[in-house]
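The structure appears below as structure tokens.
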Protein chains: 2
Amino acid sequence: MSSSREPLTRARIVDAAVRLIEREGVEAVSMRRLAAELGAGTMSLYNHVPNKAVLVDLAAERIMAEARPYHVDSDDWRDHIRAHAHAVRALARQHPRAFVMLATRRLSSEAGFRTIEIGLMNLDKAGFRGKIAVGMMRAMVSYLLGTLMREVATSPELGGIALSPYEGVDMSAFPLSAEVLDELGTYDHDHEFEFGLELMIAALERYQED
Amino acid sequence: MSSSREPLTRARIVDAAVRLIEREGVEAVSMRRLAAELGAGTMSLYNHVPNKAVLVDLAAERIMAEARPYHVDSDDWRDHIRAHAHAVRALARQHPRAFVMLATRRLSSEAGFRTIEIGLMNLDKAGFRGKIAVGMMRAMVSYLLGTLMREVATSPELGGIALSPYEGVDMSAFPLSAEVLDELGTYDHDHEFEFGLELMIAALERYQED
DNA sequence: ACCCTCCTACGTACGCCGTACGTCGCAGGG
DNA sequence: CCCTGCGACGTACGGCGTACGTAGGAGGGT
């Protein structure tokens, strides 16, 4: 193992953790396994990282920091909000196995504020400021968090929240559901994301009129 | 231990699991501990439950089934949607330590369809049917899932997604955030939930006009 | 009355886990 | 030359889920 010659570093350890998380999910991460992957003794990791929880935090921050900057070629605030939402979605889709972990964890302040600031700028363009802008941003975050949880944590092997409609349920008790059973069993995540996003934007526009 | 005389039952085991989850969270659940709590041998549990994952599923379903029916005294579809959203929120707040688990798990079909059917009924009242109603319901679910994740998984000891703004970040790089720093550090979950909910309803109303 | 079957309870053991602690070897400075 | 300090590592403890084997009792058939 060539890598076993390199000295152990916090960076190398976090790297390995991120790779492992992306490949097999957080629950696959263990100190022993990580050490083995690095060709090192288990306890050597503790010279660089105080414990597993911190290590996972560091991995989460590293993934968060990967968020790509993006450029929008438009003056319409709607396009900026759309671009921002798509960027968040892209991050979630690049790291499906890490998303729940990220969503459940306290954001690192730096990356958090970068995102918040962008959100506030976009709402500012739409004419929303101060308290109300914060409320709207939070509603947007909630929507994004929710859809992406549904999209990304939905694939069966990740253990998701999807409904699996055809499991011996007596549908006669649920007439309206029965009518749209096909829709309920189908997921077009692109389309759903777009639909919900436009719904949110429509809501903002409505507030703009007052 | 008086309870150790009772015969072991699936129901008794699931009950104990639910209690433990509510008291200390899913991660505190272990077969050994559960058995000890029931005054039984660890392996005896396996006569009633195939493995821990299924046991946790059963506990999740049991909690889900606790959802209280509610009555709305109004003809306005908005009030029905509000009531439904509040019911979901109440469930989440009654089981904060279980919510992330519930949100991450495949819903039991029965309870799932009950909720879906109510959602579809409410949207039907507003004049939305078929595919578009499904889309709207999913957007609502996303919003609810998101806000409630933020609300319920936010308390520090549960390891949440809240921002904690005052941690040596150079705010001069984030002027808009700096302006509303107080807002960002404050959480009024009642108010935020209501605000986001009205935002969603406003969006639906807008679609109604077309 | 007998036995046979089946179900439940339980003990043991294996292979994982996180990590406290102690030791060893080596690099650097005096 | 030795001393100090630090990184790497082995061992060990107490936890975990669960495969497997056994023992005991309850119920039914004869």
Side-chain angles (χ1 to χ4, degrees), chain A residues 1-61 97-98 100-101 104-105 157-159, chain B residues 1-61 97-98 100-101 104-105 157-159:
Chain A
M1 211 165 299
S2 67
S3 63
S4 66
R5 288 292 145 199
E6 323 269 345
L8 227 39
T9 336
R10 175 179 276 224
R12 258 171 40 86
I13 296 173
V14 174
D15 268 5
V18 170
R19 279 197 308 272
L20 190 51
I21 288 173
E22 287 175 346
R23 218 174 339 122
E24 307 191 29
V26 217
E27 64 283 359
V29 175
S30 89
M31 299 306 267
R32 291 176 210 274
R33 186 154 170 203
L34 229 40
E37 214 129 311
L38 290 165
T42 307
M43 293 314 290
S44 309
L45 303 183
Y46 285 90
N47 288 318
H48 305 273
V49 146
N51 58 52
K52 184 185 172 181
V54 168
L55 173 54
V56 173
D57 280 345
L58 291 171
E61 279 177 36
R97 326 199 78 113
V100 176
M101 177 188 75
T104 290
R105 202 161 299 272
E157 101 258 17
L158 292 180
Chain B
M1 215 166 294
S2 66
S3 62
S4 65
R5 288 292 144 197
E6 323 270 346
L8 227 40
T9 334
R10 175 178 275 224
R12 258 172 39 86
I13 295 172
V14 173
D15 269 4
V18 169
R19 280 198 307 273
L20 190 51
I21 288 173
E22 287 175 346
R23 219 176 336 122
E24 308 192 28
V26 218
E27 65 281 359
V29 175
S30 90
M31 299 305 266
R32 289 166 172 26
R33 183 152 173 206
L34 230 39
E37 214 131 308
L38 289 166
T42 307
M43 293 314 289
S44 309
L45 304 182
Y46 285 90
N47 288 318
H48 305 273
V49 145
N51 58 51
K52 184 186 171 181
V54 168
L55 173 54
V56 174
D57 280 344
L58 291 172
E61 280 177 37
R97 324 199 78 112
V100 176
M101 177 189 76
T104 290
R105 201 162 298 272
E157 102 258 16
L158 293 181

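In what follows, every heavy atom counts, from backbone to side chain, and hydrogens, waters and symmetry copies are set aside. Throughout, protein chains are lettered first and strands after them, A, B, ... in sequence-line order, and every chain is numbered starting at 1. Computed from a predicted model, the values in this text were never measured in an experiment.
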Notebook entry, point to check: Under 4.0 Å between a side-chain N/O of His48(B) and OP1 or OP2 of dC7(C), yes or no?
Noted result: no

Notebook entry, point to check: Do Leu55(A) and Met31(A) have side chains that get closer than 4.5 Å, going by heavy atoms?
Noted result: yes

Note to self: In this structure, how many angstroms lie between the C1' atom of dA8(D) and the CG atom of Leu38(A), rounded?
What the structure shows: 13 Å

Next item on the list: Find the distance Asn47(B):CG to dC10(C):C1' and express it as a whole number of Å.
Entry: 9 Å

Which donor-acceptor pairs under 3.5 Å do side chains of residues 17-25 of chain B form with protein atoms, sequence neighbours excluded?
unit_1   : atom_1 : unit_2   : atom_2 : d
Glu22(B) : OE2    : His95(B) : ND1    : 2.8
Arg23(B) : NH2    : Glu37(B) : OE2    : 2.9
Glu24(B) : OE1    : Arg33(B) : NH1    : 3.3
Glu24(B) : OE1    : Arg33(B) : NH2    : 3.4
Glu24(B) : OE2    : Arg33(B) : NH2    : 2.5

Next item on the list: Assign a letter to each nucleotide of nucleotides 13-24 of chain C from its 5' end: B, base within under 4.0 Å of a protein heavy atom; S, sugar-phosphate only; -, no contact.
Entry: ----BBBBB---

Notebook entry, point to check: With a 4.5 Å limit on heavy-atom distance, are the side chains of Asn47(A) and Leu8(A) in contact?
Noted result: no

Note to self: Is any side-chain heavy atom of Leu58(A) closer than 4.5 Å to one of Ile13(A)?
What the structure shows: no

Next item on the list: For Leu55(B) and dG17(D), give me the distance from atom CG to atom P, rounded to whole Å.
Entry: 10 Å

Next item on the list: Please report the closest heavy-atom contact between Pro7(B) and Arg12(B), naming both atoms and the distance.
Entry: O-NE, 3.2 Å

Notebook entry, point to check: Would you say the side-chain atoms of Arg32(A) pair up with the backbone N or O of Thr42(A), donor to acceptor, closer than 3.5 Å?
Noted result: no

Checklist line | Value in whole Å for how far the C1' atom of dG17(D) lies from CD of Glu27(A) | finding: 15 Å

Margin query: Expressed as a whole number of angstroms, how long is the span from Leu8(B):CG to dG24(D):P?
Written below: 19 Å

